[in-house]
Amino acid sequence: MPELPEVETVRRMLESSVLGRTVRSARISGLKLRSRVPAELPARLRGRTIESLGRHGKYLLIGFDRGLTLLSHLGMSGRWLYFPDAGDRSLDHVHARLVLVGGGALWFQDPRRFGLLRIVETAKLARDASLRRLGPDPVTTPLAGEALHEIAHGSRQAIKTFLLDQRRLAGIGNIYASEILFRSGVDPRRMAGRLSRAEWDRVASDTRQVLEEAIRGMGTTFSAYRTLWGEPGSYGERLLVYDRPGEPCLRCGSPIRRILQGQRSTFFCPVCQGRRTRSGPRAGRKA
DNA sequence: ATCCTATCCTGTAGGC
DNA sequence: TGCCTACAGGATAGGA
C-alpha cells in the first residue's frame, strides 16, 4: 500500500508530533510480521528520546538518542498512528504501542503483517541487510536521465518491473509506476535497457514530479493507507490511469487497459503509451 | 548474474 | 443473508 509519498507523509507528521519526545513505556504484540518483532523492543526503547526521523525509499527510520534506530516498513497494510491523548482504544492488529512522556501514544498497526519493525544500532544502519540493498531514493537524491540510462543499461526487464525494483530505485510502488509511465508516454512492457537517453530524461523528471505532487497531496488512499492522524491521502483523486480499467484516457479518450506484469496490475493507455519493442515473450497479450 | 514465481497474511468487493 | 473467489499499495527466497 504505502509507497514513497505515503511514507514521506507519515515521516513529516511524525517529525511534527513526536520529535524530541521520550518513550515512557512500550508494548508489543509478539506476533510475527515480515520478521519477528524483537522481544527486547520495549526494554530498549524505554527512556529514549526521538532525535530524528529519516526515510529511505519505503523504509522509515526513527532515530533515538544513545545510538538506536527503530527501522520500520509499512508493507501493504501497515500504519503508524498518533493519539495525543494516549487513550485506550480498541483496535485490531496493533503490534507496537509506545506511550510517550507527557501524554500521547504512537501505535503501529498492520493487519496483513507484511510490515517490519527492527531495532538497529544507528552506527550500523549502513550495514543493515534490508537497507543495504536499496538503490537511490529519487526524492532525496533526484537522478538525471543519464544516471537512470546507465543503471538500466543491458536490462531486459520490463520498464514497469524495473521501476518497482527497489535495488534500482527505492520508493516507487505499483501505483506510481503506472502513473509515471503514463506521464512519460512509455509503454510499460518495453525493456528497460532499450529506452533511449531522451526517454530516460522524461522518466526521470516525471518520477520526481509525480512523487512530489503525491507528497503534497499526502499520498494516495486506495483503501487501507492512512496518515499519522488516521486520515486518507488526497492524491487518489489525481491518479490518471491506476485502477481505471476501461475508463477513457484523460488525455486521448481511449479505454485504459489493465495487464498483469509479474502478477501485479499495470494500468496504461495503449494509445498515449505507444508501441515499440516489448520485453518478455508473452508480455504483449492479455485483455 | 538476471529474471520470474510462489509465498507470507487479512480484509474486502463482487458474483451467485 | 451467506459463501466463494479474486485481488490488494510489498519484499524475498528459491528455481530456471
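Numbered from 1 within each chain, the chains take letters A, B, ... in sequence-line order.
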Side chain of [X], heavy atoms from C-beta onward: which of [options] has the nearest atom to it?
X: A:Tyr59; options: C:dA11, C:dG10, B:dC4; result: C:dA11
X: A:Lys58; options: C:dA8, B:dC3, C:dG10; result: C:dG10
X: A:Tyr242; options: B:dC4, C:dA11, C:dA8; result: C:dA8

Other ILVMFWY residues reachable from A:Leu164 by side-chain steps of under 4.5 Å: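 Result for A:Leu164 is none, singleton.
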Other cluster members, A:Leu116 - Ile/Leu/Val/Met/Phe/Trp/Tyr, side-chain contacts below 4.5 Å: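 When side chains under 4.5 Å apart are linked, the cluster holding A:Leu116 also contains A:Tyr59, A:Leu61, A:Leu71, A:Val120, A:Leu125, A:Leu131, A:Leu134.
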For A:Arg202, salt bridge (Lys or Arg N to Asp or Glu O under 4.0 Å) partners two or more places apart: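 A:Arg202 satisfies salt bridge (Lys or Arg N to Asp or Glu O under 4.0 Å) with A:Asp206 only.
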Which residues share a side-chain contact (heavy atoms from CB on, under 4.5 Å) with [X], sequence neighbours left out:
X: A:Pro255; answer: none
X: A:Arg132; answer: A:Ala129
X: A:His149; answer: A:Arg197, A:Trp200

Within-4.5 Å side-chain heavy-atom neighbours: A:Leu70 and A:Leu45: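 Side chain of A:Leu70 against side chain of A:Leu45, heavy atoms only: contact under 4.5 Å found.
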Sugar-phosphate only, base, or nothing, as touched by A:Thr161 at under 4.0 Å among non-hydrogen atoms: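 No contact.
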Base-paired stems in DNA chain C, each at least three Watson-Crick or G-U pairs under 3.5 Å: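 As far as DNA chain C goes, consecutive pairing (with distances under 3.5 Å) yields the stems B:2-8 with C:10-16, B:10-16 with C:2-8.
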Strand-adjacent residues in residues 130-143 of chain A, judged by heavy atoms under 4.0 Å from DNA chain B: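 Nothing qualifies; none.
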5' priority, DNA chain B, between A:Arg168 and A:Gln263 [closest heavy atom]: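 With A:Gln263 and A:Arg168 compared, the 5'-side residue is A:Arg168.
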Qualifying ring-ring contact (aromatic ring centres under 6.0 Å, His included) pairs with a residue from residues 11-57 of chain A, counting only residues at least two apart or across chains: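 Counting only pairs at least two positions apart or across chains, no ring-ring contact (aromatic ring centres under 6.0 Å, His included) contact touches residues 11-57 of chain A.
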Donor-acceptor list for residues 262-269 of chain A side chains, cut-off 3.5 Å, not counting sequence neighbours:
| from | atom 1 | to | atom 2 | distance (Å) |
| --- | --- | --- | --- | --- |
| A:Ser265 | OG | A:Arg258 | NE | 2.9 |
| A:Ser265 | OG | A:Arg258 | NH2 | 3.0 |
| A:Thr266 | OG1 | A:Lys160 | NZ | 2.9 |
| A:Thr266 | OG1 | A:Gln261 | OE1 | 2.7 |

A:Glu213, CD: over 12 other non-hydrogen atoms inside 6.0 angstrom: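 Check passes, neighbour count above 12.
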Contact letters for nucleotides 8-13 of chain B, in which S counts primed atoms plus P, OP1 and OP2 and B counts the base, heavy atoms under 4.0 Å: BBBS--
Pairs where residues 244-256 of chain A contributes a residue and the test salt bridge (Lys or Arg N to Asp or Glu O under 4.0 Å) is met, not counting sequence neighbours: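 Qualifying pairs: A:Arg244-A:Glu247.
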Interatomic distance where CG belongs to A:Leu239 and P belongs to C:dA8 [whole Å]: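 That distance rounds to 15 Å.
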